[in-house]
There are 2 protein chains.
Amino acid sequence: MLKRSHDLVILGGVAAGTSAAAAAIRENKEKDVVIYQKEPFISYGGCGLPYAITGDVKNVDDVIAFSPEEFEKKKGAKVYTEHEAYDVDFDNKLVYIRNSKEEIEVSYDKLVISTGASPIIPGFDAIGNDGVFKMRNPNDDKAILNFIEKKSPKKAVIIGGGFIGVETAEGLLERGLQVDLIEGLDSLMGDIEPELHEDLLAKMEEEKVKVHLNNMVKNIVKKEDGFEVQTNNKSINTDMVIVAIGVRPNTQFLKDSGISMLKNGAIIINEKSETNIKDVYSAGDCASVKHLITGEDTYFPLGTTANKQGKIAGKNVFSTEKDEFKGIVGSFITKFKDLEYTRTGLTLKAAKEKGFDVDSVVIKSISRAGYYTGGGRIKMKMVFDKKTGRILGAHYIGKEVHARVNTMVSLIYKNSTVFDLLNMDLPYAPPFSPVWDINLIAASQAIKKI
Amino acid sequence: MLKRSHDLVILGGVAAGTSAAAAAIRENKEKDVVIYQKEPFISYGGCGLPYAITGDVKNVDDVIAFSPEEFEKKKGAKVYTEHEAYDVDFDNKLVYIRNSKEEIEVSYDKLVISTGASPIIPGFDAIGNDGVFKMRNPNDDKAILNFIEKKSPKKAVIIGGGFIGVETAEGLLERGLQVDLIEGLDSLMGDIEPELHEDLLAKMEEEKVKVHLNNMVKNIVKKEDGFEVQTNNKSINTDMVIVAIGVRPNTQFLKDSGISMLKNGAIIINEKSETNIKDVYSAGDCASVKHLITGEDTYFPLGTTANKQGKIAGKNVFSTEKDEFKGIVGSFITKFKDLEYTRTGLTLKAAKEKGFDVDSVVIKSISRAGYYTGGGRIKMKMVFDKKTGRILGAHYIGKEVHARVNTMVSLIYKNSTVFDLLNMDLPYAPPFSPVWDINLIAASQAIKKI
């Protein structure tokens, strides 16, 4: 078996891995830093992939920040693509890696595991056929676009109503397809607040997406002229299928290695991106993150967190002064056509489950002065502690919601209350806001309930 | 002399006055609440006036929320328009008011002074001629639009490069005029950070607005075919002139009344909207506001503050439990064409003058993921305390800046530091932000200087 040895071995080179490599080399230029990456490319913005389908990203390859060669040249880390870790021996500081030709025993001084996550693909009959896709890396996008161009499909089924499924629905609509969106639970977009879910469903209907809630997919079967998607309730014939049920951390190779994981296989890390194993760090979609409101280690795989955790891991491997990433408050933003959805903090249901004594207000308002052109409606739900007024969550659907949620991210970080928010000096002009911003109205309404 | 007596007399009925009336009646429906308003209309959004010139507000009257009759019916306060206060006798709780026909001695139990501010109009020769305008109330807008329609002017001079002048420049450009913008100081937009001012000037040039800085206007003279605007440096011939030099609180009638004022005549109020005179409250553009960073009573006349102070004044007049509006952090937003400018907190210069030991960073970034369509450049300057990292100011120019500034308003309110900001969980998706939002980059750069 081929043997190698490096100062820092990084497994996985997308958001967290490349951030870690760059930070490690900034910290200590003398060290030998190597990325082993399973896919043929590194450093891509996975969050941009649905937008290559909509056409808002011109070319799929635009989401790739660096080729392996560019990354090596500019950042100074050696990159091996199409190399996958298949085993570890933490006691002897070894990682076992294979490519199509050989197996390699790699000895490390420090290890960062940033192998990301992969879509969950159940073993349906038609999996593997051209026409059944996932949406995770640039090749998936290219395969979908190629299929659309070559086969001119009329109908698509998306399995999974999370944000990837919803964003991909927008993309396929833009490409002229008729879209059926199947979700096993009673709501799209995970645990979206029900008052906001209404608005999303109404928009889906307006855009002629057929939404099938409470439909568990049992099988996808290849037919002569396409596919049949079979759920517990119905069968839908279609020309193509996209499976976007969810993701699972790529940590199967760590089974029985002694590394601590959440139930779903995410590696548990602390604020310094350290695992329970000496000299082993982790970051990104294969790792946990601390939720700052609940204090719990949780799984909330997003690109921004991956970048931050990776940067912290890379900085810390060669540094005695350790940097920290304290965690998240659960911020998220997406859109379906011109309907934007964003949130930060907890839902009402989650806050109750975590033992908070909570109440909420639902506010309908507008994003600009009523007499000013453009803008549109916003619906907001704010969750707060009934006794102290502490803000625990803020959820928005509508237009120009990004400006609203950011106010609340900061307030939640700083353990603020609705009394802090009530008369806050948010900048106002008619093209940007009504004189009473929706957040101020929410505070005023919440205070009446305290 | 006609005599009247009311439980609550409110002088002025635009933002602060109508907010006070509505809040007072919500607090106690039994009381007799009366607004005396100098202009023929009440309750208008002055901030919307420049946008009736651009056309983004369809009709000038759209900025009027309530007619006097509607306000009386819906809110329950009696409204007298075209009634102006000309004297007070606080010892005997009397206000002297006149209209075109008579003078009235009005006895009050409680008084709210919300007379607003008026444009400063120097005594230039041509003042009073059709073609020389101010921009303060709906009639000004109508006169300008009427003049443009009837006379088809080709050229306009705007005197004053503050935000009203700049917004009006956009309006006149949209109406097809060639615009000269004259400013006595060396910068448009007041104390805008110089690094941001560059971008504003470049945009002005791109849009063919001729900006004349360091030009004090000495006179405006009527000519046969228009006007000549004479400065200390040059003369400019034009078809119309808009004077937007600044505003002065409408408090001349309170001279020698014993009420405490700032140097410029703004009534000094506390957090409860109380003046130094018993049972006399004030709010809005005629009043001071506390700056929460410096702790000083300052003059920062804006619509949002007027609404808040008015609401507090109205609530408090009839209530034993007094509400408070703590003050502002100096937030502001405007735009010129598609270039947006916003700020919160102090400038570098102001922070130094106030005795802070400060430093700053200037960051150039973009508003969306680089590979995603739309969005644009943002330049940001952040001002912070060199030792503690406390954030003292954040200033932005470019695209989609509203979402950025709101993060910082909250942080400044909560006395936060750049360390708080560094890894904050701001919501990210390619249509809304790059993976490292400009605020996070600023924090990272600032920390290197601490």
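Proteins come first, then strands; the chains are lettered A, B, ... in the order of their sequence lines, and each starts at number 1.
- Heavy atoms closer than 4.5 Å to chain A are found in the side chain of B:S444, but not in its backbone.
- Residue B:E400 does not touch chain A at all, counting heavy-atom pairs closer than 4.5 Å.
- Put simply, the side chain of B:N406 never gets that close to the backbone of A:N406: no donor and acceptor are under 3.5 Å apart.
- Interatomic distance, CE of B:M424 versus CZ of A:F325, reported as 11.0 Å (0.5 Å rounding).
- Heavy-atom distances place the side chain of B:Y51, and not its backbone, under 4.5 Å from chain A.
- Counting heavy atoms from C-beta outward, A:S410 and B:K414 have side chains that stay 4.5 Å or more apart.
- Of the possible donor and acceptor atoms, none in the side chain of B:D56 sits under 3.5 Å from a partner among the backbone N and O of A:T373.
- Residues A:V409 and B:P427 form a side-chain contact, since some pair of their non-hydrogen atoms from C-beta on lies under 4.5 Å apart.
- Among pairs with a residue in residues 392-446 of chain B, those fulfilling ring-ring contact (aromatic ring centres under 6.0 Å, His included) read A:H402-B:F432, A:F432-B:H402, at least two apart in sequence or across chains.
- Listed here is the closest heavy atom pair of A:T304 and B:V435: CG2-O, 3.2 Å.
- Contacts between B:K311 and chain A at a heavy-atom distance below 4.5 Å involve the side chain alone, from C-beta outward.
- Note: B:T334 leads B:L422, B:T334, B:T342 in heavy-atom pairs under 4.5 Å with chain A.
- With a 4.5 angstrom heavy-atom cutoff, B:L426 touches chain A via backbone and side-chain atoms both.
- The residue among B:L421, B:V405, B:V57, B:N415 with the most heavy atom pairs within less than 4.5 Å of chain A is B:V57.
- No donor-acceptor pair under 3.5 Å is formed between the side chain of B:D62 and the backbone N or O of A:Y371.
- Between B:L440 and A:K308, the shortest heavy-atom distance links the atoms CD1-CE, 3.9 Å.
- If you measure heavy-atom distances from B:V63 to chain A, the contacts under 4.5 Å come from both the backbone and the side chain.
- Between A:N423 and B:I312 there is a side-chain heavy-atom pair separated by less than 4.5 Å.
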